[in-house]
J.: 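I'd like to ask you about the structure that follows.
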Amino acid sequence: MSFFESLLLLLLVAVVLLQVSRRLSVPYPSMLAMAGAAVALVPGMPYISLEPETALALFIAPALLDAAFDFPIGTARRFWLPLLVFAIGGVVVTAAAVAFAGWAVAGLPIAAALVLGAVVAPPDAAAATAVLSSMAIPRTTDTVLRGESLFNDAAALLIFDAALVVQSAGNVDAPVALHLALAVPGGVLFGILAARLTRPLTRFVSGTLGGNLLQFVQTFLVWIIAERLGLSAVLAIVAYAMTLARSSEAISSARMRVQSYAVWSAVVFVLNVMAFLLMGMQVRGIVGGMPAGHLGEAALFALMVVIIVVVVRFAICIGFNRLHALYERRRGRPEPASINQALLTGWCGMRGLVTLATAFALPMDFPQRDVVVLTAFAVVLATLVLQGLTLTPIIRWLGLDRRAEGPRELAVFRGQIALAGLSKLDGAVEAEADLLRGKFQLERQVMTAGDGAATSLETYRRLALAAIAAQREALERLRATYQVNVDEYNLLLEEIDWRELSVLPEDARRIEEI
């Protein structure tokens, strides 16, 4: 079976598993992890080799840009302390603990052991958010869990790059020290400069078919050029994405944002599938080529690393929670987060794409590469299966399931947004203003608790969707009688689709039923 055939098969399986995960409230990366393990057991599965630089650029650059572009700067300012502790401190402590085990137990050189620590250190937010998006937990916990992912990845990748450079050089001499000293600030400055230089080009192609393609080309170019210049490609991508995001309203149309969101979500999902497929292929070759005794030792070491990453995550989360609570109580303020929230945060420590990609990108002459890769895959598989599959019942057991309150809060937000639109129409006397007032007033009724509001919204939705269906039928008649060409048909259909999307969502009318 060729790689292309294997990829098609796993993509098909991934689509099926994604539907299963949605219905069972199970993180889809957990399903992919099990599928990747199954790939390792399939006879005749080919082995695909990628250059380390290609692997990092292919898997890490798009995922990192996607996370950095969506990350709100205000979140970092408000939750700077937990983000610093979990993302920076957690990654550093985990990497150091695993590095010590790799040096003392597996006999790895210090730099190589630190590379292993950096590989398994960063928790992956994708697995947690796959459940959190449907469970509705306390907003502070949700914000920290989603926000720490970017810092997790950046910190771990910086340690990975630095340790790999030292391991390759053999020691820390003057050129290596200079490279490490310039890589971080140089990467940040390069990313900011690249964003400012590409901004006019982005405006020029906004709304065109080439716009989405250019986003990927720019992302890979920023990563590759930063690598060629000896700068931190990780920080270059983060700075590039954040700089672009600050001016996203000025450079991107609504249509472009919708398209970009759909395209990037699909691409990151496919990259996850490819990463698990490639890792499964590698693990199959590693396990098949290891002597039985060596395989047993590697399995025990992998189990030790799994225990270390889980225990360290819990120790940091609970320790920080109790110390922070004590600090706030002594000043007469309420605890910022409960012990149950700390337990949930500790359990959301699944490893995923970054761990797979960095392990796959290790040079072939890396010390004990087979043990390191097997350990990385074991950590991903164990955390995604054990923690990922139990995340939903853990949330319920801790009493943090807020699904009943989530829709009500969302309704309030919709009402506030509608009120802002109504306020803008104050003093307008045109007939069109009256039509807009009626629409916004209906949206404000989402905030009302009476049955009349739900009935009114249901009537509005039913009439609006019926009218839009009639418009779509009329468009189909125009196409059937050859009165519009293909381009005109697609443009008019898109306008009708946007009109349908502007109708109040169906969950708005269910507020009183929850």
Side-chain angles (χ1 to χ4, degrees), residues 21-22 24-33 63 67 70-71 75 79 81-95 97-98 120-156 268 272 305-322 324 336-356 379-403 406:
S21 69
R22 289 176 59 189
L24 299 180
S25 296
V26 173
Y28 78 81
S30 299
M31 295 291 190
L32 292 182
D70 294 333
F71 183 78
T75 298
F79 297 98
L81 185 57
L83 288 177
L84 185 67
V85 171
F86 296 151
I88 308 300
V91 168
V92 171
V93 173
T94 302
V98 172
V120 300
D124 183 16
T129 53
V131 169
L132 300 182
S133 59
S134 61
M135 285 301 293
I137 63 173
R139 292 189 182 277
T140 53
T141 305
D142 183 271
T143 301
V144 171
L145 283 173
R146 295 174 188 268
E148 70 166 323
S149 175
L150 175 62
F151 293 96
N152 284 339
D153 296 347
V268 172
N272 272 274
V305 173
V306 171
I307 295 173
I308 289 174
V309 298
V310 173
V311 170
V312 169
R313 170 82 176 182
F314 267 104
I316 290 176
C317 292
I318 296 175
F320 170 74
N321 176 270
R322 292 299 86 198
H324 198 191
S338 66
I339 184 65
N340 284 359
Q341 288 175 269
L343 289 171
L344 175 60
T345 304
W347 197 245
C348 292
M350 293 80 77
R351 270 59 176 177
L353 180 61
V354 173
T355 296
L356 292 177
V379 169
V380 171
L381 185 62
T383 56
L384 281 179
V385 174
L386 175 63
Q387 295 177 304
L389 296 182
T390 58
L391 190 54
T392 297
I394 287 291
I395 292 174
R396 295 195 183 103
W397 178 67
L398 293 174
L400 298 175
D401 185 3
R402 299 177 64 255
R403 281 178 293 180

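None of these values were measured; they are calculated from a predicted model.
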J.: When you compare the side chain of Val85 with that of His324, does any pair of heavy atoms fall below 4.5 Å?
T.: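 No, every pair of side-chain atoms sits at 4.5 Å or beyond.
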J.: Do any pairs count as a side chain to side chain donor-acceptor pair (under 3.5 Å) and have a residue in residues 308-318, sequence neighbours left out, and if so which ones?
T.: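 Qualifying pairs: Glu148-Arg313.
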J.: Could you tell me whether a side-chain N or O of Arg351 sits under 3.5 Å from a main-chain N or O of Val379, the two making a donor and an acceptor?
T.: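 Between the backbone of Val379 and the side chain of Arg351 there is no qualifying donor-acceptor contact (under 3.5 Å).
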J.: Test of understanding: with side-chain contact (heavy atoms from CB on, under 4.5 Å), list the residues that count as partners of Ala154, not counting sequence neighbours.
T.: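 Partners of Ala154 by the side-chain contact (heavy atoms from CB on, under 4.5 Å) criterion, ordered by chain and then number, come out as Val234.
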J.: Please table the atom pairs, donor to acceptor, closer than 3.5 Å between any side-chain atom in residues 314-322 and protein atoms at least two apart or in another chain.
T.:
unit_1: Asn321; atom_1: ND2; unit_2: Ala337; atom_2: O; d: 3.0
unit_1: Asn321; atom_1: ND2; unit_2: Ser338; atom_2: O; d: 3.1
unit_1: Arg322; atom_1: NH2; unit_2: Glu335; atom_2: OE1; d: 3.3

J.: Do Val306 and Val120 come within less than 4.5 Å of each other through their side chains, counting heavy atoms only?
T.: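 Val306 vs Val120: side chains apart.
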J.: Hey, what do you get for CG (Asn340) to OG1 (Thr345), rounding to the nearest 0.5 Å?
T.: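 So the gap between those two atoms works out to 10.5 Å.
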J.: Just jot down the side-chain contact (heavy atoms from CB on, under 4.5 Å) partners of Val268, sequence neighbours excluded, or say none.
T.: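 Here the qualifying residues are Asp66, Asn272.
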J.: If you compare all heavy atoms of Pro122 against all heavy atoms of Thr355, which two are closest, and at what distance to 0.1 Å?
T.: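 Looking at all heavy atoms of both residues, the closest pair is O-OG1, 4.1 Å.
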J.: Could you tell me whether the side chain of Thr390 and the main chain of Gln387 form a donor-acceptor pair under 3.5 Å?
T.: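 Pair found, side chain donor or acceptor close to backbone of Gln387.
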J.: State, to 0.1 Å, how close Leu391 and Cys348 come at their nearest heavy-atom pair, and which atoms those are.
T.: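 Nearest heavy atoms, Leu391 then Cys348: CD1-SG, 3.6 Å.
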J.: Going from CD1 on Ile339 to CG on Leu398, what distance comes out if it is rounded to the nearest 0.5 angstrom?
T.: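 One gets 10.0 Å once the value is rounded to the nearest 0.5 Å.
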J.: Rounded to the nearest 0.5 Å, what separates atom CG in Leu384 from atom CG in Leu389?
T.: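 Answer for the CG-CG pair, Leu384 versus Leu389, is 8.5 Å.
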J.: List in chain and number order the residues that pass side-chain contact (heavy atoms from CB on, under 4.5 Å) with Ala97, two or more places apart in sequence or in another chain; answer none if no residue qualifies.
T.: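 Partners of Ala97 under the side-chain contact (heavy atoms from CB on, under 4.5 Å) test: Ile308, Val312.
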J.: Looking only at heavy atoms, what is the nearest atom pair of Leu353 and Ala63, with distance?
T.: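 Looking at all heavy atoms of both residues, the shortest contact is CD2-CB, 3.8 Å.
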J.: Run the side-chain contact (heavy atoms from CB on, under 4.5 Å) test against Leu386 and tell me which residues pass, sequence neighbours left out.
T.: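 Trp347.
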